Peer 1: 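The structure's right below; bear with me while I get my questions together.
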Amino acid sequence: MGVGRAAQLRIGVGSLTLLAAGAALAEMQDLPPAHAPREMHSVAGLAIFGGLVAFAVIVALLYLYERARWTRREQELVASLNLLRGAHDRAEMLLNADRQVVITWDEQSEPVIEGDAGIALHGDRASAGSARRVLAFGTWLRPADAQAVEASLDLLLSRGTGFSLDLRTQNGRSIEAQGRTVAGRALLRLREMSSERREIADLRLTLDETRRSLSALANLLDAIPQPVWRRNRDGALAWVNAAYAAAVEAGSREAVIDTGRELLDRQARETITREEAPLAPGASGRPPRVSAVVAGTRRVLDVYETALDGGKVGIAVDVSELESVRADLQQQMNANARTLDQLPTAVAMFDVSQRLIFHNAAYRNLWGLDQAFLDSRPSDGEILDFLRTQRKLEEHADFRSWKHGVLAAYRAAEAHQAWWYLPDGRTLRVVADPNPQGGLTYLFDDVSDRLNAESRYNALRRLQAETLDTLAEPVAVFGADGRLQLANRAFTTIWHLDPEMVDARPHVDSVILRCKELAPNADPWLDIRDAVVGLEARAALARRIEMVDGTVLDCATQPLPEGATLITLIDVTASVNVERMLTEKNEALETAAELRDTFVHHVSYELRSPLTNIIGFTQLLGDETVGALNARQREYSDHIMRSSAALLVMINDILDLASVDAGSLELQREDLDVRATVEAAVRGLEDRLAEARIVLTVDVPEDIGTLRADGKRMRQILFNLVSNAVGFSDPGQTVEIAARRTARELALSVRDHGSGMAPEIRDLVFNRFESHTRGTRHRGVGLGLSIVRSFVELHGGRVELESEQGIGTCVTCIFPLKPTDGPLPPPERRKPPEAPSRPYLTQVSGG
């Protein structure tokens, strides 16, 4: 404004000067020509002087104006500075009046912290440099509050969203946090609440929790399927749940409230108001039961409604199914009562208070009780006392104690059975069965006739059983129904029949099934079964039964009167065994001699000679003495050589076994270095180990010494054992050879870590031609372990095998240091000696 006025003054001075000069020129133009020069100079001088005077005056006025303006501006600035200083003092006074901290941020600078930072220091006054600890909220606020204020602060700094929070410190103090943006800066104010504000904050938290609880309760009421409502003081609907709206087929709860649509008609509501039913189903009293249309269907409802401050609340429970079930139950109970009334067994039911609630005609007739007496619902004790006075119960020395024991069945958890012996000679089987709802049900069964018949039958049965038990031959009698009637001790012993099974009178099929476990041949049992239960003409039958233990029985069946069948057994094992032994021995000797001679003859001359030729020609081809071979031909030649060598080994094994059986194999005993023998056997297997990628470890002590044995057969034993272990090992596994020496024996063991053997296979692996590959790559005719055992036994030793599925197999060959003339009897099985130390350890890795 001042600058504009100065410019206007300068323009005005210039205009005046121009006007003065123009006036002077005009006057000069009006002068006569003779006086023009002199007058012109005079006028021009006057004009210039006047202009200068006017300019000086104007400049002086302009200076005075500007000076006055700047003086006023200075006074205004001083007044504004004083006002700012007063406002700063008042703000600092207000800031320091409470224990509070104010933190401000802008986009470029670090946060500025002002106020008392002691609120974050557990109440202590803030020291120099400690104010910034206020920003470490997690160190002085509760974890949940620290997370809340940090999240709100992030929103304030990023989006400018304000917030107000009530926080709690770790020592329980209340802090009010307010965040907002002021003049482009973010501001956070932390102030410790006073006692009144803390009470208000606590009350606010309580109100929030109450509001959340009410919201959760409303959600819960919306989730239940029963209609729930609340009425105001005038009886109009103020709130309903979703089930209520669905029951009255309204679109929403608001529509129900606006229209006042009632679930119950006026008469039902008046009935509910008159009876004032309790709210809780478990409360005393029965709620009113009304009928209403629920979702278009007529239903039966139990309505619980109670008055509260400001109105009423109610709930309707659908009991339509319950009423239907109750009606069906009543019909079933009536049908059961009519059925029980026709039973010969006396039935009486008592409730929790031990009062009679039901009895059938058999119960009334059993005790001869009057119908009027029974209709009066007497107690169980009263009935017992009445029967005692009528002399219808057995006399007891202490009737009170006996009665107390009978009534104790009301407190029992399971049914109790007792026998009552009446004075008239009858015997009753009394069953007291507790009811699930309380009370007791008595069943009185007159078993006098049955006991008498059973007693006579048992006496006759014992007589027959004792008679049959004296017989040495097994004897059994089956009835017409095919069930076992009698069996003597010899019969149950030979077939291992349990006494419980015999007492249960099993059917002939069950007996035969048990007998087949000892005599599995089914042919004789089919004929025996037909003789017992067959529909054709019954005749005597004789069959021979062979048991698994070698016992031979001659079985004979004989028809008896009334459809029974007698079975007798005679043990003819001794005579049959003698006959069989002589026959089989003769046939075996003849067959063995013939097979041995034929086998050795054919193998020696018909197989070995051509195979030797094949191996020889294959070696010539492989050495390329008859011409060069290409890669494919050399590969085929190698395959032929390996297969021929394997076949030669099999033939040699068969010949060795034949020689052993014929007794023509003689051992060439010499003093063998055990360690050198093991190394020689290992060298012969290096190619196979490399091909199978198997690691072989040899653990032979240096001082193992020598053994008097056949070197060729010892190497053959080790070769077969290691080959067998490699065949049953997976690539990368280890095969271990160990040798240990004691004072009397030398033990050589070969252990693999393959799949192991099942118990039923371990008993067969030493048999000839038994090959169990069990999914491995090992192939052979099953002679390896058989040859090992034969050669070890020729040296007077024995072979032990240990195997476990999933762990591996260990075969140990034990040689006596003092060889005997023949094989030693195998002693008790034991584990091979473990190696506590490894004085000599060689490892051969395949692959």
Side-chain angles (χ1 to χ4, degrees), residues 1-22 47-120 125-132 134-135 152-153 155-165 175-194 197:
M1 185 74 180
V3 175
R5 290 179 180 179
Q8 292 176 2
L9 288 175
R10 287 193 292 271
I11 295 171
V13 172
S15 301
L16 291 175
T17 304
L18 293 175
L19 290 174
I48 292 171
F49 177 77
L52 293 173
V53 171
F55 179 76
V57 171
I58 292 172
V59 170
L61 292 174
L62 181 61
Y63 170 75
L64 293 176
Y65 174 78
E66 290 292 333
R67 181 177 180 181
R69 187 175 66 81
W70 282 106
T71 301
R72 289 194 304 272
R73 181 66 179 273
E74 182 179 2
Q75 292 176 354
E76 292 176 357
L77 291 175
V78 170
S80 299
L81 180 61
N82 291 332
L83 290 176
L84 291 175
R85 287 176 178 174
H88 178 269
D89 294 338
R90 288 193 300 274
E92 186 174 3
M93 178 182 65
L94 292 175
L95 181 63
N96 295 327
D98 294 332
R99 299 193 65 185
Q100 59 183 341
V101 175
V102 177
I103 308 171
T104 58
W105 290 267
D106 57 12
E107 296 181 356
Q108 291 79 18
S109 62
E110 294 291 328
V112 179
I113 304 175
E114 298 178 352
D116 184 9
I119 63 174
R125 301 299 297 177
S127 59
S130 63
R132 291 192 177 276
V134 177
L135 293 175
S152 301
L153 190 58
L155 293 176
L156 176 65
L157 295 176
S158 60
R159 301 181 182 179
T161 304
F163 63 88
S164 178
L165 300 174
I175 301 296
E176 179 184 11
Q178 293 181 349
R180 64 192 63 178
T181 56
V182 179
R185 297 172 63 88
L187 181 143
L188 173 63
R189 179 184 180 187
L190 302 174
R191 183 175 63 177
E192 186 174 4
M193 296 184 183
S194 61
R197 292 185 61 84

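Every value quoted in this text rests on a predicted model; they were computed, and no experiment measured them. Count residues from 1 along the sequence.
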Peer 1: Write down the atom of Thr181, the atom of Gly160, and the distance for their closest heavy-atom approach.
Peer 2: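 Residues Thr181 and Gly160, closest heavy atoms: CG2-CA, 3.7 Å.
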Peer 1: The criterion is side-chain hydrogen bond (donor to acceptor under 3.5 Å, both in side chains); which residues satisfy it with Arg180, sequence neighbours excluded?
Peer 2: Gln178
Peer 1: Calculate, to the nearest 0.5 Å, the distance between atoms CZ and CG belonging to Phe163 and Leu188 respectively.
Peer 2: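 If we round to the nearest 0.5 Å, Phe163:CZ and Leu188:CG are 5.0 Å apart.
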Peer 1: Not counting sequence neighbours, which residues clear side-chain hydrogen bond (donor to acceptor under 3.5 Å, both in side chains) with Thr104? List them please.
Peer 2: Arg185
Peer 1: Mind listing the closest non-hydrogen atom pair of Ser152 and Leu165 along with its distance?
Peer 2: OG-CD1, 3.7 Å
Peer 1: Hey, what do you get for CD (Glu66) to OG1 (Thr71), rounding to the nearest 0.5 Å?
Peer 2: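 Answer for the CD-OG1 pair, Glu66 versus Thr71, is 10.5 Å.
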Peer 1: Which pair of non-hydrogen atoms, one from Leu156 and one from Leu187, has the smallest distance, and what is that distance?
Peer 2: CD2-O, 3.7 Å
